[in-house]
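Just so you know, these numbers use all the heavy atoms, side chains as well, and skip hydrogens, waters and symmetry mates.
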Amino acid sequence: MYPNSPTSRHQPLLRTSSRSGYPRFIPVKYKNFYLILFTIILVGLILTGIFQFWPHSIDIREERESFSLYDVGHLEEVTVPLMSAIPDRGELECRMHSCFDPYQCQASPNNRISVYIYPMKKYVDENGVPVMPSISREFQEVLTTIADSEYNTNDPARACLFVPSIDLMNQNILRLRETGQVLGRLPRWNHGHHDFQLQGANHLLFNMLPGMEPDYNTALEVPRGKAILAGGGFSSWTYRPGYDVSIPVFNPFTADMELPGKPDGYSRPWLIVSAQTVIHMDFRAELDAVARDNDDVLVLDRCNDLPEGIPAHRRRCKEDRVYNYPDILQEATFCMILRGARMGQSALSDAMMAGCIPVVAIDTYVMPFSEVLDWKRAAVMLREEDLPDVHNVLRRISQERINNMRRQVEFFWRSYFRSMKVITMTTLKVINDRAFRHASRSYEDWNDPTPKSGVTSPLFLPLIPTQAMGFTAVILTYDRVESLFRVITEIAKTPSLAKILVVWNNQAKSPPQGSTWPKVNKPLKVIQTTANKLSNRFHPYDEIETEAVLAIDDDIIMLTPDELEFGYEVWREFPDRLVGYPGRVHLWDNATKSWKYESEWTNDVSMVLTGAAFYHKYFGYLYSMAMPGDIKNWVDKHMNCEDIAMNFLIANVTGKAPIKVTPRKKFKCPECTNVDNLSADQSHMVERSVCINKFTDIYGMMPLKMMEHRADPVLYKDNFPEKLKRFNQVGPL
């Protein structure tokens with residue numbers, strides 16, 4: 001019997017509307033059931049919506065186990081055969097682009113590297129003698145910090161970076177060969193297969209005390225292949241910029257101390273305190289001489305005949321007077337940091353803990369985390385040969401700058417130095433910034449106690465690049481050796497110069513012998529090109545490790561160190577601009593209906609010539625790899641206009657005019673003949689005009705922008721004593 005049958009005893013569930021003919025529901029028997037079901041569904045939907053859209057956080061990180069060493073006595077024992085493979089000693093040419101595999105980091109979430117810690121094992125040689133020393137408290141804290149951090153992963157297949165559970169902190173107690181063999185046996189050392197070209201890639205090793213008697217090398221001497229080294233005490237000769245990480249030397253004797261803070265405005269009685277106990281006798285003699293001539297200098301040494309029970313590391317002495325250490329450092333404005341047997345000194349950390357401004361007189365020493373920290377804001381860097389004049393140097397520093405430096409010292413100490421945990425996390429953050437450049441911290445994030453927010457710079461360039469990096473001077477030369485040497489000698493006096501790169505463009509003649517080159521205190525390298533091309537001056541050479549590049553001709557001998565330093569300071573404020581000295585302008589010629597190159601003095605400037613100009617190395621890459629049309633080949637063929645091409649390129653990318661610095665306008669070499677000086681040729685101006693018109697056709701527009709101002713030092717023309725001016729040697733027109 002069907003429900004809608006005329007003989008059914010129940011009311012039909014479906015009834016046809018007389019108007020539409022469509023069935024409609026009429027709840028009869030199951031009304032309460034449907035109401036309850038509808039209510040349950042409605043409540044479920046509401047709760048689901050609340051859960052989805054209510055502010056909350058979901059921890060999607062994998063479950064991690066806290067790293068522990070309590071079972072160190074029950075470790076798996078591994079025998080290292082005598083003939084096990086030994087990794088390469090370490091490649092000095094390693095950089096992130098050549099020795100680090102970024103594809104390992106693809107599985108890392110949220111722009112964050114994943115770090116895998118190898119399981120701890122007990123390694124013994126064939127005689128059963130342990131290869132590795134017992135683990136130190138400092139290295140235990142390194143491993144524990146990584147294991148408890150957001151970077152840790154328990155899955156080696158997802159790891160971007162690998163950390164061996166092998167304590168390399170103190171080279172003095174290591175068996176170098178056997179330790180290298182242990183590293184070579186790690187499962188991922190060769191990327192999981194027998195590819196010896198990749199040995200050690202994406203591995204991170206920690207070492208605090210490198211070298212051993214008698215040489216005390218400034219980098220760990222364990223064979224380590226392509227592994228990244230986080231080391232204390234690098235010199236510029238062993239440090240691989242942008243690859244290794246320079247870390248501070250941690251002092252375990254003062255690690256648990258808390259020095260009471262000094263009140264604001266506290267007057268420290270000593271200008272300089274030197275409290276290191278192991279320094280070279282020549283340095284100590286020079287410091288003693290400074291102390292004899294100045295009552296505000298205190299030079300301390302280790303104490304003899306201390307009463308039993310008093311730890312020697314907590315005391316320092318001056319003749320018969322005993323001082324508490326490191327408390328005495330709080331009584332000094334500046335603390336001397338000198339090299340001992342090793343370059344890296346724990347005295348640097350002790351001084352910073354005490355709020356004492358470090359005066360670092362260690363030539364070629366790579367300061368801790370100098371890749372990201374601007375040490376000129378927190379320390380005084382002094383050449384070793386200037387140690388006898390240290391008192392005069394420090395006396396000239398204003399109280400305002402001292403206060404700013406002390407605040408920076410305290411910020412660096414709290415943020416990056418105060419414990420092994422902080423040092424380890426800072427190391428990982430530095431490497432993380434390299435692996436994920438687009439999400440890296442800015443200069444302000446690393447160096448400003450209160451990070452700035454708001455405005456961003458175009459082209460992903462920092463608002464103010466760190467001054468600590470300095471600039472690389474690239475000198476293009478052919479055969480003018482005498483003027484080249486004069487240029488090298490002059491620019492080497494510029495404080496912010498980091499390196500000199502000479503591009504030797506003469507294939508028919510070799511560069512002069514090394515012994516004939518000027519003796520300068522900055523690294524100098526000569527690159528011999530394979531073809532005489534003007535574009536060689538802008539090539540992004542691997543040797544350029546700074547962001548700022550100074551392109552300078554081999555006949556620009558008139559620029560002073562003050563002018564160059566000021567130009568670099570202006571570039572730091574405007575890193576997306578071409579900042580230079582010789583100014584030129586482009587003009588429209590109504591008679592010829594074309595653009596004209598003009599070098600006469602006018603009220604406008606639209607180009608600065610790269611015979612003396614600063615630019616960001618990014619633009620060197622664009623010039624060499626992404627120049628529009630055939631401009632680059634045309635320049636090399638005609639041996640002219642590479643500077644105009646660079647002006648076009650930067651103006652087109654940024655939409656901004658260049659910046660001319662200082663009033664100087666005459667840049668002709670007084671000793672150079674007309675044959676040597678390209679600008680003296682009358683046809684030169686005509687060809688330059690042809691360049692502008694050709695480049696305009698290729699770009700389809702005129703990208704050059706005009707400006708009507710230049711940058712001069714603030715007190716350049718003011719009637720003030722020269723000692724109040726920072727840039728005194730700024731030349732005339």
Fill in: side chain to side chain contact (heavy atoms under 4.5 Å, CB included) evaluation trace for Phe206 with Thr427
CA-CA 10 Å; Phe206 285 86; Thr427 301; 4.2 Å; yes
Worksheet entry | Test log, rule side chain to side chain contact (heavy atoms under 4.5 Å, CB included), inputs Thr333 and Ile402 | CA-CA 8 Å; Thr333 301; Ile402 288 174; 3.8 Å; yes
Item to complete: I would like to know whether Val124 and Val80 meet side chain to side chain contact (heavy atoms under 4.5 Å, CB included); could you show each step before the answer?
Response: CA-CA 6 Å; Val124 297; Val80 181; over 6 Å; no
Item to complete: Could you check Tyr151 against Asn432 for side-chain hydrogen bond (donor to acceptor under 3.5 Å, both in side chains), going step by step and ending with a plain yes or no?
Response: CA-CA 9 Å; Tyr151 299 105; Asn432 194 85; 4.7 Å; no
Discussion item. Test side chain to side chain contact (heavy atoms under 4.5 Å, CB included) on Met367 and Val360; report intermediate values, then the result.
Written reply: CA-CA 9 Å; Met367 294 291 285; Val360 183; 3.8 Å; yes
Item to complete: Check the pair Ser235, Thr218 against side-chain hydrogen bond (donor to acceptor under 3.5 Å, both in side chains), reporting the backbone distance first and the verdict last.
Response: CA-CA 6 Å; Ser235 76; Thr218 57; 3.3 Å; yes
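Of all heavy-atom pairs spanning Arg339 and Gln345, the tightest one is C-NE2, 4.2 Å. Pro87 and Gly180 get closest at one heavy-atom pair: CD-O, 3.0 Å. Closest approach of Ala378 to Ile357, counting heavy atoms only: O-CG2, 3.7 Å. When all heavy atoms of Phe369 and Pro248 are compared, the pair lying nearest together is CE1-CD, 3.5 Å. What you find for Lys122 and Pro130 is that their closest heavy atoms are CE-CG, 4.5 Å. Of all heavy-atom pairs between Thr546 and Ala498, the closest is CG2-CB, 3.8 Å.
Other residues, nucleotides and ligands contribute more than 12 heavy atoms inside 6.0 Å of the CD atom of Glu126. Residue Gln399 qualifies as enclosed at atom CD: its count of foreign heavy atoms under 6.0 Å is above 12. The environment of NZ in Lys421 is sparse: at most 12 heavy-atom neighbours from other residues, nucleotides or ligands sit within 6.0 Å. Atom CG of Asp295 sits in a sparse spot, with 12 or fewer heavy atoms from other residues, nucleotides or ligands closer than 6.0 Å. The local environment of NZ in Lys525 is sparse, with at most 12 non-hydrogen atoms from other residues, nucleotides or ligands closer than 6.0 Å.
Partners of Phe162 under the ring-ring contact (aromatic ring centres under 6.0 Å, His included) rule, at least two apart in sequence or in another chain, are His203. Checked against ring-ring contact (aromatic ring centres under 6.0 Å, His included), Trp517 has the following partners two or more places apart in sequence or in another chain: Phe485. By the side chain to side chain contact (heavy atoms under 4.5 Å, CB included) test, Asn404 pairs with Glu400, Arg407, sequence neighbours left out.
Within the 4.5 Å cutoff, the side chain of Lys493 has no heavy atoms near those of the Leu564 side chain. Within the 4.5 Å cutoff, side-chain heavy atoms of Ile272 are placed close to those of Leu394. Between Val249 and Leu348, the closest side-chain pair of non-hydrogen atoms is not below 4.5 Å. Here the side chains of Ser274 and Arg284 are not in contact, with every heavy-atom distance at 4.5 Å or above. With a 4.5 Å cut-off on side-chain heavy atoms, Leu183 and Leu205 count as touching. In this structure, the side chains of Ile500 and Pro523 stay at 4.5 Å or more apart for every pair of heavy atoms. Proximity of Met169 to Asn207: side-chain heavy atoms (C-beta onward) are nowhere separated by under 4.5 Å. At a threshold of 4.5 Å between non-hydrogen side-chain atoms, the residues Thr145 and Met420 do not count as touching.
A salt bridge links Arg377 with Asp448: the distance from a Lys NZ or Arg NE/NH1/NH2 to an Asp or Glu carboxylate oxygen falls below 4.0 Å. With respect to Glu91 and Arg240, no salt bridge is recorded, no charged nitrogen being found less than 4.0 Å from a carboxylate O. Checked for salt-bridge contact, Arg268 and Glu331 miss the test: no charged N lies under 4.0 Å from a carboxylate O. Using a cutoff of 4.0 Å between basic side-chain nitrogens and carboxylate oxygens, Glu371 and Arg434 are scored as salt-bridged. No salt bridge links Arg95 with Asp244; every basic N to acidic carboxylate O contact stays at or beyond 4.0 Å. The residues Asp327 and Arg314 are annotated as salt-bridged, a charged nitrogen and a carboxylate oxygen being separated by less than 4.0 angstrom. Salt bridge absent: Asp88 and Lys226 never bring a charged side-chain N and a carboxylate O closer than 4.0 Å. Salt bridge Lys499/Glu545: present, at least one basic N to carboxylate O contact under 4.0 Å.
Ser246 and Ser370 share no donor-acceptor pair across their side chains, judged by distance under 3.5 Å alone. Neither side chain, Ser149 nor Asn152, offers a donor N or O lying under 3.5 Å from an acceptor on the other. Donor-acceptor pairing under 3.5 Å is lacking for the side chains of Asn251 and Ser349. Side chains of Thr494 and Glu565: a donor-acceptor N/O pair is absent below 3.5 angstrom, by distance only.
Listed by first and then second residue, the ring-ring contact (aromatic ring centres under 6.0 Å, His included) pairs that reach into residues 213-249 are Phe234-Tyr239, sequence neighbours excluded. The ring-ring contact (aromatic ring centres under 6.0 Å, His included) pairs that include a residue from residues 260-308 number zero, where partners must be two or more places apart or lie in different chains. A ring-ring contact (aromatic ring centres under 6.0 Å, His included) check over residues 298-334, counting only residues at least two apart or in different chains, returns the pairs Phe253-His313.
Aromatic rings from Tyr416 and Trp446 are positioned such that their centres are separated by under 6.0 Å.
With rounding to the nearest 0.5 Å, the separation of CD1 in Ile113 from SG in Cys160 is 5.5 Å. Remark: Arg185 CZ to Lys121 NZ distance equals 9.0 Å, nearest 0.5 Å. To the nearest 0.5 angstrom, Asp350 atom CG is 11.0 Å from Met352 atom CE. If you take CG on Leu329 and CG on Leu298, they are separated by 10.0 Å, rounding to the nearest 0.5 Å. Residue Arg395 holds its CZ atom at 4.5 Å from NE2 of His391, rounded to the nearest 0.5 Å.
Listed for the Asn127 side chain is no donor-acceptor partner under 3.5 Å among the backbone atoms of Val129. Listed for the Asp386 side chain is no donor-acceptor partner under 3.5 Å among the backbone atoms of Asp389. Judged purely by atom type and a 3.5 angstrom limit, Gln276 uses its side chain to pair as donor or acceptor with the backbone of Leu338. Between the side chain of Thr424 and the backbone N or O of Val142, no donor-acceptor pair lies under 3.5 Å.
Relative to the ring axis of Trp413, Arg418 does not place its NZ or CZ within 45° and under 6.0 Å from the centre.
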